[in-house]
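Working notes, beginning with the structure itself.
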Amino acid sequence: MDFRLAIAQEILKALGETNLTAQEIADMLEVPPDSKLGDYAFPCFKLSKVLRKSPMMIADGLASAVRADFLSRVESVKGYLNFFIDRAIYAEKVLRRAEAEGERYGSDKSGEGKCVVLDYSSINIAKRFHIGHLSTTMIGNSLYKLYKFFGWKAVGVNHLGDWGTQFGKMIAAYKRWGDRETVEKGGVDEMVKLYVRFHKEAEKDPALEDEGRHWFKLIEDGDPEALSIFNWFKEVTLKDAEKTYALLGVTFDSYAGESFYNDKMGPIVDALREKGLLKEDKGAMIVDLEPYGMPPALILRSDGASLYITRDLAAAKYRKDTYNFDKSLYVVAYQQDLHFKQLFKVLELMGYEWAKDCEHVSFGMVSFEGQTLSTREGRVVYLDDLLKTAIEKARAIIDEKSPNLENKDEISRQIGVGAVVFFALYNNRIKDIDFWWDRALNFEGETGPYVMYTHARSCSVLRKAGECAAEPSFEALSDPEAQEVVRLIEQYPLILKSALERSEPSMITRFSADLAQAFNRFYFERRILDDDMGARAARLLLTRICRDVIKSALGLIGLSAPERM
Ligand code: ARG
């Protein structure tokens, strides 16, 4: 039951003749900041003009006219009409609806028949995964799950950074000082070492730069040896990254990265030329964006080489042609705001009406204990180190508190990853994240492990309770603690809808923490296993729905909900 709409219908009945619709009135209803003022309030000044009456008079008139069995009281206060919903009926309607919808509770069918492409994580070859990549990876993963939950077809793309002159340099360095076995064993770390060494030695020996250029040219020309080394670098990087993705539980449908578009840029450049958008500028080819207040988009360098944006133009077109998306999202840090503005503008100028369906989901920077990350100065936290530490901490706590738990390895992983990911998804995405070891590894308060623990607690209550065949008496859920849990459960669909519209997983993260907190208060204040079987049945139903909603919310931010901890 939609109380908002039901109240609106009652107001409409009491008003008699108007041209307003119930939906319009429903949209005017507010939720008072303090529940002492009711569950919903109607600001009567919104009707003053139409009815030519003061808000006070309207409120007084309506207060005596509106009656419905689901309302326990209707009060006129200072031009507001305050509605109090009958607590037992409210709890019953909310819980029965959630129960009936089961695992689908919170979603609707708005995405059926639609497709979204999500570009996230998009790591660079021969670089190590650090905490700066956590946001794109986990925001993208969460949106991917959220869209699917709403019935969309979702395509997750890891747009690998696998193109650029640096790969020529890496091959040059590898040819001089590297050997296969060391790189095979050391993985990305070894490749980074080679790259650092290249730069150090190139200062003394400029011939190295030429070697690097030479190798890059060979990659471009498709030389078999250059390509085989380059592809092997890619394999080694992905093998390392896959381990981290496996820990995080993140997957992709496509790894088509920058190099995938090598043979797909010609047509884009031709199209730009045909449409008269391409201009020469000191030998380079650009699209002038001055009329739109932006620097030009550099499409081809004077040596004919393509750029990051050229590849993104080809990628955008390819994604439209391949998936025929209704939406295409790029989860990338705000440093690339300008890049995406330029990209979308050029697509629009090319006459692609679907340019409007492309969106940059940007997010803040990550700093480390108050300072910007810097690999060179050693101020960097690698993701696998962080996850490993978190998992070890979880393991130590389990060994101490629940030594007989089955499946300790897997549950430690779930909790450790839960702590880190929850921390990363807790704030609005646009806020910068300052990363502190002790905060990311905190297991108490508003943290992933706390929410997971609450879920396990509700599982344990339900296990102990066994079957309860009595009819629930919803009067037993009239107390403030139970009501707060019910209120949050009622909000879940709205939270998910907004999270989807704003591409904001943090709304789900915070919601799960609020619900966990509300449930714990209920758990400590009320006796779930009451002697009164009707009350017991009602409290168990509340516990069960709450457990399911926490599990669903955790799932949508990419986390598991262990049943025992
Ligand atoms: N690899 C890029 C980087 O690390 C991010 C790529 C984002 N996706 C895109 N289609 N441009 O900065």
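Numbers here simply count residues along the sequence, with the first being 1.
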* **Ring centers of Y144, F252 separated by less than 6.0 Å** => no
Heavy-atom neighbours of K431 NZ exceed 12 at 6.0 Å: no
request  = Just say parallel, tilted or perpendicular for the rings of F344 and F340, cut-offs at 30° and 60°.
outcome  = tilted
Only residue of T244, T137, N141 satisfying side-chain hydrogen bond (donor to acceptor under 3.5 Å, both in side chains) with S121 is T137
Salt bridge check, K109 against E112: does any charged N sit closer than 4.0 Å to a carboxylate O? no
* Asked: Run the ring-ring contact (aromatic ring centres under 6.0 Å, His included) check on F435 and F423 step by step: do they pass?
  -> CA-CA 9 Å; F435 181 90; F423 172 81; 5.7 Å; yes
(Q) Using salt bridge (charged side-chain N to carboxylate O under 4.0 Å, His left out), reason through R526 and D530 one step at a time and then give a plain yes or no. (A) CA-CA 9 Å; R526 304 291 146 193; D530 204 294; over 6 Å; no
Notebook entry, point to check: Would R87 and D479 pass as an ion pair if we require N to O under 4.0 Å?
Noted result: no
Taking the basic N atoms (NZ, or NE/NH1/NH2) and the acidic carboxylate oxygens, is any pair closer than 4.0 Å for D399 and K408?
yes
* Please say whether the positively charged group of R104, taken as NZ for Lys or CZ for Arg, lies over the ring of F149, i.e. under 6.0 angstrom from the six-membered ring centre and within 45 degrees of the axis. => yes
**Request:** Decide yes or no for V250 and M138: does some side-chain heavy atom of the first lie under 4.5 Å from some side-chain heavy atom of the second?
**Result:** yes
ask   = Just by modelled atom types, is the R429 backbone N or O under 3.5 Å from a matching donor or acceptor in the E504 side chain?
value = yes
Item to check | Cation over ring face, R457 and Y523, 6.0 Å, 45° | outcome: yes
Item to check | Sidechain N-carboxylate O distance under 4.0 Å for R395, E392 | outcome: no
Nearest heavy-atom approach of P505 to S142 is CB-OG, 3.3 Å
Intermediate values then yes/no, side-chain contact (heavy atoms from CB on, under 4.5 Å), S110 and K497:
CA-CA 10 Å; S110 53; K497 191 110 201 143; 3.5 Å; yes
> Quick one: are N82 and V74 in side-chain contact, heavy atoms under 4.5 Å?
Replying inline: no
Nearest heavy-atom approach of L529 to A465 is CD2-CB, 3.5 Å
* Return the orientation label for the F129 and Y245 ring planes: parallel under 30°, perpendicular over 60°, tilted otherwise. => perpendicular
One thing to verify: whether K243 and D384 come together as a salt bridge, which I'm taking to mean a side-chain N less than 4.0 angstrom from a carboxylate O.
no
Around atom CD of Q23, are there more than 12 heavy atoms of other residues, nucleotides or ligands at under 6.0 Å? yes
Any salt bridge linking D385 with R128? Criterion: basic side-chain nitrogen under 4.0 Å from a carboxylate oxygen. yes
Would you kindly check if the NZ (Lys) or CZ (Arg) of K393 is within the cone defined by 45 degrees around the ring axis of F443 and under 6.0 Å from the six-membered ring centre? yes
Practice item. If the plane angle is over 60° it's perpendicular, under 30° parallel, otherwise tilted; pick one for F519 and F522. Key: tilted
Item to check | W354 and F325: CA distance, side-chain angles, deciding distance, ring-ring contact (aromatic ring centres under 6.0 Å, His included) verdict | outcome: CA-CA 9 Å; W354 47 266; F325 58 70; 5.7 Å; yes
* E406, CD atom: more than 12 neighbouring heavy atoms under 6.0 Å -> no
- Query: Hey, is R521 close enough to E481 for a salt bridge, meaning N to O under 4.0 Å?
  - Reply: no
- prompt: Is there a side-chain contact between N427 and T509 (heavy atoms, below 4.5 Å)?
  reply: no
- [ ] Would you please indicate yes or no on a ring centroid separation below 6.0 angstrom for F511 and Y492?
- [x] yes
Check ion pair E490-R487 (N to O, under 4.0 angstrom): no
Checking E99 against R544 for the salt bridge (charged side-chain N to carboxylate O under 4.0 Å, His left out) test, could you report, in this order, the C-alpha distance in whole Å, the side-chain angles of both residues, the deciding distance, and whether it holds? CA-CA 9 Å; E99 186 181 36; R544 184 155 61 82; 3.0 Å; yes
_Ring centres under 6.0 Å, that's the criterion: do Y90 and F3 meet it?_
yes
Assess the pair Y330 and Y120: is the distance between their ring centroids shorter than 6.0 Å?
no
| message | Counting only heavy atoms not in N19 (residues, nucleotides, ligands), do more than 12 fall under 6.0 Å from its CG? | response | no
CZ (R52) with more than 12 external heavy atoms under 6.0 Å
no
task: Examine R73 relative to F83 and say whether NZ or CZ is less than 6.0 Å from the centre of the six-membered ring and inside a 45° cone about the ring axis.
output: no
Below 4.5 Å, heavy atoms only, C-beta onward: do F422 and V451 meet side chain to side chain? yes
Shortest non-hydrogen pair, S367 vs D434, comes out as OG-OD1, 2.9 Å
| said: Tell me whether R97 is salt-bridged to E101, with the criterion being a basic N under 4.0 Å from an acidic carboxylate O. | reply: yes
Note: E30 and P43 closest approach over all heavy atoms is OE2-CG, 3.5 Å
Next on the checklist: Go through it in stages, so that I can follow the logic: the residues are R564 and N407, the test is side-chain contact (heavy atoms from CB on, under 4.5 Å), and I'd like the CA-CA distance, side-chain angles, deciding distance and then a yes or no.
Outcome noted: CA-CA 10 Å; R564 296 170 201 255; N407 223 346; over 6 Å; no
Look at atom CZ of R527 and say whether more than 12 heavy atoms of other residues, nucleotides or ligands are closer to it than 6.0 Å. yes
Start with the C-alpha gap between L477 and L541, add the side-chain angles, then the distance that decides, and say whether side-chain contact (heavy atoms from CB on, under 4.5 Å) holds. CA-CA 10 Å; L477 302 180; L541 177 63; over 6 Å; no
Taking atom NZ of K53 as the centre, report whether more than 12 heavy atoms of other residues, nucleotides or ligands fall under 6.0 Å from it.
no
Is it the case that more than 12 heavy atoms not belonging to K46 sit under 6.0 Å from its NZ atom? yes
Query raised in the report: Which word best sums up how the rings of W152 and Y147 line up, parallel for under 30°, tilted for 30 to 60°, or perpendicular for over 60°?
Result: perpendicular
How far apart are the C-alpha atoms of V420 and L248, what are their side-chain angles, what is the distance that settles it, and do they pass the side-chain contact (heavy atoms from CB on, under 4.5 Å) test? CA-CA 10 Å; V420 172; L248 292 169; 5.9 Å; no
